[in-house]
Undergrad: 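Here it is: the structure, laid out below.
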Protein chains: 2
Amino acid sequence: MRLTAKSEYGLIATIDLACNFGLGPVSAREISERREIPARFLEQLFVSLRRAGLVTAQRGARGGFKLSRDPEQITVLDVVEALEGPLETSVCDHERASGCGRSASCAASSVWSKATRALRDVFAETTLAELAGTQEAMDDRTSVV
Amino acid sequence: MRLTAKSEYGLIATIDLACNFGLGPVSAREISERREIPARFLEQLFVSLRRAGLVTAQRGARGGFKLSRDPEQITVLDVVEALEGPLETSVCDHERASGCGRSASCAASSVWSKATRALRDVFAETTLAELAGTQEAMDDRTSVV
DNA sequence: CGAATCCCTACAGGATGAGTCGTGTTTGGG
DNA sequence: CCCAAACACGACTCATCCTGTAGGGATTCG
């Protein structure tokens, strides 16, 4: 499947944007400081997120990013696939699975498919709005900013 | 999660053993040829599988491997964890998730936990006996050996 | 005895993940 | 009007790890 730090950071960042939805744009630097994410690395992630149409960029001073849709309309799956590529191709079902007809080595591949589907379901069910809720509760409890 | 070729090959190999359960031991070379898996690489996988107690080795001429339990008593999860290590630590929930109390960056981590659980459920539900069934049907259809 | 087979360790090479750097472009504000 | 803040893009490094190979040793059957 290949879930890397990109997904981790990217999700944290988009949750942060969801928390600030409706207000002005939030700069990458701000998020990187607040959530302890390497700044230049985060920048790259935002490029991918923007290209996937999930966030909108505002360049120049006082610029930043905001979600381009309502947080309820963006799922974890959207974020993950924007950053890592399509889920299907990332579990184990590559060449060998398609060589099915020949070497018949694919009773195994049915398991990977099921696994991918299960993962996809979890990700598709969870929206940023939902996570923003939990996140705000957490932030409030730890320190009132 | 980190699902690599080890799991792919390992599962194919153990399914093969499940198909031959009750008969004599099957050599690594035989499986490597039948399923087109690099021989020396497969050897290594069997070492891990043996250490995990999933297979039993018979050394010497006419030796080989057999499942040490009934195929219905071995799940895909057993095989995967024997080869890749515990599932929990492999999705995304490492340090950051435990630093929860401090930087409050873990609304995200709840998603990874759910994902891991979903994956684990799929793997834990599927037994080698089940897969051996499908595999035999496939092998029969492609060529009657 | 000898061939087959498993057992163990080490190692190589390539991919990729994680993160940095330099530079360019846009834009709001003093 | 110009500068600083901010995004945009691509190249690049560094380490890890996946994939697979190699060589030798230990067992066991015929």
Side-chain angles (χ1 to χ4, degrees), chain A residues 1-13 17 20 24-68 80 83-85 89-92 94-96, chain B residues 1-10 12-13 17 24-68 80 83-85 89-92 94-96:
Chain A
M1 51 247 10
R2 202 54 55 96
L3 267 263
T4 72
K6 287 185 196 172
S7 293
E8 176 104 34
Y9 292 152
L11 187 55
I12 291 172
L17 288 187
N20 292 64
V26 185
S27 76
R29 190 178 50 74
E30 195 178 335
I31 294 182
S32 100
E33 283 169 4
R34 180 162 45 220
R35 305 301 178 185
E36 299 179 27
I37 300 173
R40 303 302 296 268
F41 194 44
L42 183 59
E43 261 186 52
Q44 292 185 350
L45 303 183
F46 271 121
V47 171
S48 301
L49 292 171
R50 179 178 51 78
R51 286 181 181 156
L54 298 181
V55 306
T56 311
Q58 168 70 31
R59 301 179 69 161
R62 297 292 177 97
F65 298 92
K66 58 183 180 186
L67 297 180
S68 40
V80 168
L83 297 169
E84 315 261 13
T89 66
S90 50
V91 175
C92 234
H94 4 285
E95 319 83 38
R96 187 167 284 266
Chain B
M1 50 251 9
R2 199 57 55 98
L3 267 263
T4 72
K6 286 186 197 172
S7 294
E8 177 105 33
Y9 292 151
I12 291 173
L17 288 187
V26 185
S27 77
R29 190 178 49 74
E30 195 179 334
I31 293 182
S32 100
E33 283 170 3
R34 180 161 46 220
R35 305 299 179 185
E36 301 179 25
I37 300 172
R40 304 300 296 270
F41 194 44
L42 182 58
E43 258 187 56
Q44 292 185 353
L45 303 183
F46 271 120
V47 172
S48 300
L49 292 171
R50 179 178 52 79
R51 287 180 179 155
L54 299 181
V55 306
T56 311
Q58 168 70 30
R59 299 177 70 160
R62 297 293 179 95
F65 298 92
K66 59 182 181 188
L67 298 179
S68 40
V80 168
L83 297 169
E84 316 261 14
T89 66
S90 52
V91 175
C92 237
H94 5 286
E95 318 83 40
R96 188 167 282 268

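Just the heavy atoms: all of them, side chains too, but no hydrogens, waters or symmetry mates, feed the values below. Just so we're on the same page: letters track the sequence lines, and every chain starts at 1.
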Undergrad: Suppose we call a contact any N or O donor and acceptor under 3.5 Å apart; does that hold for the side chain of A:Arg59 and the base of C:dT25?
TA: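 Pair found.
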Undergrad: Does A:Thr4 place a side-chain N or O at less than 4.0 Å from the phosphate oxygens OP1/OP2 of C:dA18?
TA: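 Answer is yes, contact under 4.0 Å.
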Undergrad: Please give me the minimum heavy-atom distance between B:Pro25 and B:Arg62, naming the atom from each residue.
TA: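 Smallest heavy-atom distance, with atoms named: CG-O, 3.9 Å.
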Undergrad: Pick from B:Leu49, B:Leu54, B:Thr56, B:Val55: which one makes a side chain to side chain contact (heavy atoms under 4.5 Å, CB included) with B:Leu67?
TA: B:Val55
Undergrad: Using a heavy-atom cut-off of 4.0 Å across all strands, would you classify B:Gly63 as base, sugar-phosphate, or nothing?
TA: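 Sugar-phosphate, backbone atoms only, no base.
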Undergrad: Given C:dC7, is OP1 or OP2 found less than 4.0 Å from the side-chain N or O atoms of B:Arg40?
TA: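 Result: no.
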Undergrad: A:Ala28 side chain: which of C:dA18, C:dC8, D:dC7 is closest?
TA: D:dC7
Undergrad: Aromatic rings B:Tyr9 and B:Phe41: how do their planes relate, parallel, tilted or perpendicular, breaks at 30° and 60°?
TA: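 Answer is perpendicular, since the angle exceeds 60°.
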Undergrad: Between the base of C:dC7 and the side chain of B:Glu43, is there a donor-acceptor distance below 3.5 Å?
TA: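 Flag set: donor-acceptor pair detected.
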Undergrad: Could you pick out which residue, B:Gln44 or A:Ala61, lies toward the 5' side of DNA chain C when each is mapped onto its nearest nucleotide?
TA: B:Gln44
Undergrad: Just to confirm, is there a sub-4.0 Å distance from OP1 or OP2 of C:dG28 to any side-chain nitrogen or oxygen of A:Gln58?
TA: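 Indeed, a polar side-chain atom of A:Gln58 lies that close.
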Undergrad: Does OP1 or OP2 of C:dC7 have a side-chain N or O of B:Arg50 closer than 4.0 Å?
TA: yes
Undergrad: May I ask you to say what B:Phe65 touches in the nucleic acid, namely base, sugar-phosphate or nothing, with a heavy-atom cut-off under 4.0 Å?
TA: sugar-phosphate
Undergrad: Look at B:Arg51 and C:dC6 and indicate whether a side-chain polar atom (N or O) is within less than 4.0 Å of OP1 or OP2.
TA: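 Checking C:dC6 against B:Arg51, no side-chain N or O comes under 4.0 Å of OP1 or OP2.
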Undergrad: Find the distance A:Leu45:CG to C:dG17:P and express it as a whole number of Å.
TA: 13 Å
Undergrad: Hey, does the side chain of B:Tyr9 come within less than 4.0 Å of D:dT19's phosphate (OP1/OP2), counting only N and O?
TA: no
Undergrad: Between A:Arg62 and A:Val47, which residue's closest nucleotide on DNA chain D lies nearer the 5′ terminus?
TA: A:Arg62
